[in-house]
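Encoded as structure tokens, the structure appears first; notes follow it.
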Protein chains: 2
Amino acid sequence: MRKVRTVTIADVARHAGVAVSTVSYVLSGKRAISATTRQRVQESVRALGYHPNAGARALASKRANVIALVLPLRAGMNLPVLMQFATSVVATARRYDHDVLLMTADEGPEGLQRVAASALVDGLLLMDVEVRDPRVPLLRELGEPSVLIGFPADAEGLTCVDLDFARAGALCAEHLAAGGHREIALLGAPRVVYERGTGYAERTLAGFTEAARDLNAVAVPCEETYDEVAETVKLLFDRHPGLTGLVVHNEAAVGHVLAALRALGRSVPEDVSVVAICPDDVAERASPALTSVLIPAEDVGHQAVRLLMAKLDGLPADSVLLEPRLTIRESTR
Amino acid sequence: MRKVRTVTIADVARHAGVAVSTVSYVLSGKRAISATTRQRVQESVRALGYHPNAGARALASKRANVIALVLPLRAGMNLPVLMQFATSVVATARRYDHDVLLMTADEGPEGLQRVAASALVDGLLLMDVEVRDPRVPLLRELGEPSVLIGFPADAEGLTCVDLDFARAGALCAEHLAAGGHREIALLGAPRVVYERGTGYAERTLAGFTEAARDLNAVAVPCEETYDEVAETVKLLFDRHPGLTGLVVHNEAAVGHVLAALRALGRSVPEDVSVVAICPDDVAERASPALTSVLIPAEDVGHQAVRLLMAKLDGLPADSVLLEPRLTIRESTR
DNA sequence: CCCATTCATCGAAGCGCTTCGACACATGAG
DNA sequence: CTCATGTGTCGAAGCGCTTCGATGAATGGG
């Protein structure tokens, strides 16, 4: 538990026999430094195990090198995707030499206010943005660089990133239509998610409905417990006996849907074709392996950080809609 | 997008007609300040919307008011519990006026080194600690205040928090024994979790085995896909036809186990009693509602932060083992 | 009524870093 | 050979805050 005196830039400068400012310039690369000096400094840095003091750096440069990741942890959220996303954000931020401050919704919008005003972070990454998200107006007047995951109703002037869920929904419907299915259904997110007006759920539904307008198509919300899923699936087939195509946009329920079909004696893909919108690993672990449109959580996180970094550098950053990709496996024909 | 000049403590001092240091003392409460002055300053703070600059504060006080939450995001982890835990950590940290920096394992142990050396954080909270965790030795020599969630093999000198999983395992076995069951089984975590030497899984197993030494007890690992769970359950009953009690310590598999029992025509609790170790909401959502020992994620997070804060204040902090609590519902008799 | 305390406040010295302007020296054009 | 132009380096001035010691003013005991 030795309490080591921390190494400062002055120690490095002394060790290398140069001025403090020279060390700073070597580290930041903001001015030309001769190769010999640069090497000498770098060696001293290594020898002393120097790490710049974050507070001092932030104070002097007005850049904290930290971004906030705001995760409103609500019910019915897709945890695995969220985690993948968070991991990817942290990893990407590190690549840009930034760290990530974790915030939840508990503190409310004032939390954003606080971290921005205290210069704790340089920018904000908001996840799980809703169609009319209360954080959006605040965000506008805060004038803090930010990127949203998901699209609010009015995205004017904001930078947003998301999978193009409308295309994803359409892609699923089109795939089933191409397979000759005329009567299909969408099993969506839990009811509360729609009631909350969550963008991605609504947009998937819209894309699906639009693409399936010439078919016999229905859409129902879907809870995530086995019993409720089984009930929903049973009801669906009772009401639509001719149903042969199913799109499942609810990762937690995917397994249950397959189990329920099994229980009803309908085999996949012989009797029913199933397409899921979920991460690849979930689709691959299912039995049979599911034809799916993946949610590219990693890519979304990566893009979001990239855009935020661009904004921090004062560059323009347009919203990004990621093109969905359908992978055909064993659950459709 | 107006770029507001940030309000500094000097602005507040001027507005209130006092010295900068007086404002500082009002804010920190480290020296006596007359009631009238205090009020005047607090009003100015509110009027100007002042938020102390985090970098400057950290630099001057040598306290960043930030703690690191290190989440190694591995396969087979219990995501919902993890999230609950993270949420509780953030909320509790805020109550102590601290923020939370999110770190993953990707950066390796040097990441810990880095954030500690750069004074980005004041302390570390390590989650999902393994029996022989590579981060533990580094932690010791770092001399940075830290709290671990979970117990490594050698916890000497470290502060750890966890549910007493051995007691939890024992509690389940005892409950079944008290119900007259003589042949019981533990369905555990996925195999990889044991192979990795994850403390909580091993300790539950140990507690269960010890408490069930007079019974006919077996324990098997359990994967998390429906097919594998069904297979495991089937095999279990093939080999042990007299089995009437089941302990499930795998949240992701709980639903599948019930589905598999249903498929095998064994009803709960008539033919088989089932006890789960999982959060209450999962147990309550199952059908039938499960008798369970809950994983008090929220409490663990809370305690962990409390202990870390104590250490930051130079106070001693002993490890905490949380007593499990069994809730009887409809799945056992 | 004086001196020793206590209380409330102030001023100034850093904390460790970035960045601006200055300077010494080398270089090549005229 | 001189003068403009780069190059590479240095010194010093902050960045916004905390904290130490000092200073007056108010208080009370002898």
Side-chain angles (χ1 to χ4, degrees), chain A residues 3-42 44-45 48-66 97 114-120 122, chain B residues 3-42 44-45 48-66 97 114-120 122:
Chain A
K3 197 70 248 174
V4 233
R5 198 183 80 72
T6 66
V7 181
T8 74
I9 197 172
D11 298 326
V12 177
R14 206 171 310 123
H15 187 274
V18 299
V20 164
S21 52
T22 303
V23 176
S24 178
Y25 286 125
V26 167
L27 261 27
S28 70
K30 293 193 179 174
R31 276 200 188 175
I33 297 288
S34 70
T36 53
T37 307
R38 194 182 325 123
Q39 280 175 18
R40 205 139 39 81
V41 169
Q42 283 163 345
S44 299
V45 165
L48 302 180
Y50 170 69
H51 286 270
N53 178 295
R57 195 215 279 269
L59 180 57
S61 69
K62 310 198 157 308
R63 290 280 242 111
N65 274 232
V66 176
D97 194 30
R114 183 179 59 85
V115 296
S118 66
L120 230 190
D122 304 319
Chain B
K3 197 70 248 174
V4 234
R5 196 183 79 73
T6 67
V7 180
T8 75
I9 196 172
D11 298 326
V12 176
R14 206 170 310 122
H15 187 273
V18 299
V20 164
S21 52
T22 302
V23 176
S24 179
Y25 286 125
V26 167
L27 261 27
S28 69
K30 293 193 179 174
R31 277 200 188 175
I33 296 288
S34 69
T36 54
T37 307
R38 194 179 327 121
Q39 280 175 18
R40 204 138 40 80
V41 169
Q42 283 164 346
S44 298
V45 165
L48 301 179
Y50 170 68
H51 287 269
N53 178 295
R57 194 216 279 270
L59 179 57
S61 69
K62 311 200 156 306
R63 291 280 240 111
N65 274 234
V66 176
D97 193 31
R114 182 178 61 83
V115 296
S118 65
L120 230 190
D122 304 319

Between P of dC10(C) and CZ of R14(B), the distance in whole Å: 14 Å

Closest non-hydrogen atom pair, V26(A) against I33(A): CG2-CG2, 3.8 Å

How long is the line joining NE2 of H51(B) and P of dG16(D), in whole Å? 16 Å

Residues passing the side-chain hydrogen bond (donor to acceptor under 3.5 Å, both in side chains) test with S118(B), sequence neighbours excluded, are none

Evaluate the criterion side-chain contact (heavy atoms from CB on, under 4.5 Å) for residue pair V66(A) and L120(A); output intermediate values, then yes/no. CA-CA 7 Å; V66(A) 176; L120(A) 230 190; 5.8 Å; no

With salt bridge (Lys or Arg N to Asp or Glu O under 4.0 Å) as the rule and sequence neighbours excluded, what pairs involving residues 50-65 of chain B come up? R63(B)-D122(B), R63(B)-D313(B)

Nearest whole angstrom, please: distance from the P of dG16(D) to the CG of L48(B). 15 Å

Atom pairs, N/O to N/O, protein against nucleotides 19-23 of chain C, distance under 3.5 Å?
from    : atom 1 : to     : atom 2 : distance (Å)
dT19(C) : OP2    : K30(A) : NZ     : 3.1
dC20(C) : N4     : Y25(A) : OH     : 2.6
dG21(C) : N7     : R31(A) : NH2    : 3.2
dG21(C) : O6     : R31(A) : NH1    : 2.3
dG21(C) : O6     : R31(A) : NH2    : 3.3

Name the residue closer to the 5' end of DNA chain C, choosing between V23(A) and T37(B) according to the nucleotide with the nearest heavy atom. T37(B)

Taking the side chain as everything from C-beta on, heavy atoms only, tell me whether Y50(A) gets closer than 4.5 Å to L27(A). yes

Nearest-angstrom distance from the residue atom CD1 of I33(B) to P of dC7(C): 13 Å

Length of the line joining I9(A):CD1 and dG16(C):P, which is rounded to integer Å: 11 Å

For V7(A) and L48(A), work out which heavy atoms get closest and say how close. CG2-O, 3.4 Å

To the nearest 10 degrees, the angle between the two end axes of the helix from dC1(C)-dG30(D) to dG30(C)-dC1(D) (five pairs per end) comes to 40°

Report yes if the side chains of N53(B) and T6(B) come closer than 4.5 Å at any heavy-atom pair, otherwise no. no

Between dG16(C) (C1') and Y50(A) (OH): distance, integer Å: 7 Å

L59(B) atom CG is separated from dA13(C) atom P, nearest whole Å, by 17 Å

Take the protein atom CZ of R40(B) and the nucleotide atom P of dA8(C), then report the distance between them rounded to whole Å. 14 Å

Please check the phosphate of dG16(D) (OP1 and OP2 only) for any side-chain N or O of R57(B) closer than 4.0 Å. no

Which nucleotide wins on minimum distance to the side chain of S34(A), given the candidates dG16(D), dG8(D), dG16(C)? dG8(D)

Going by the salt bridge (Lys or Arg N to Asp or Glu O under 4.0 Å) test, which pairs reach into residues 20-40 of chain A, not counting sequence neighbours? none

Tell me the salt bridge (Lys or Arg N to Asp or Glu O under 4.0 Å) pairs involving residues 6-20 of chain B, sequence neighbours left out? R5(B)-D11(B), D11(B)-R14(B)

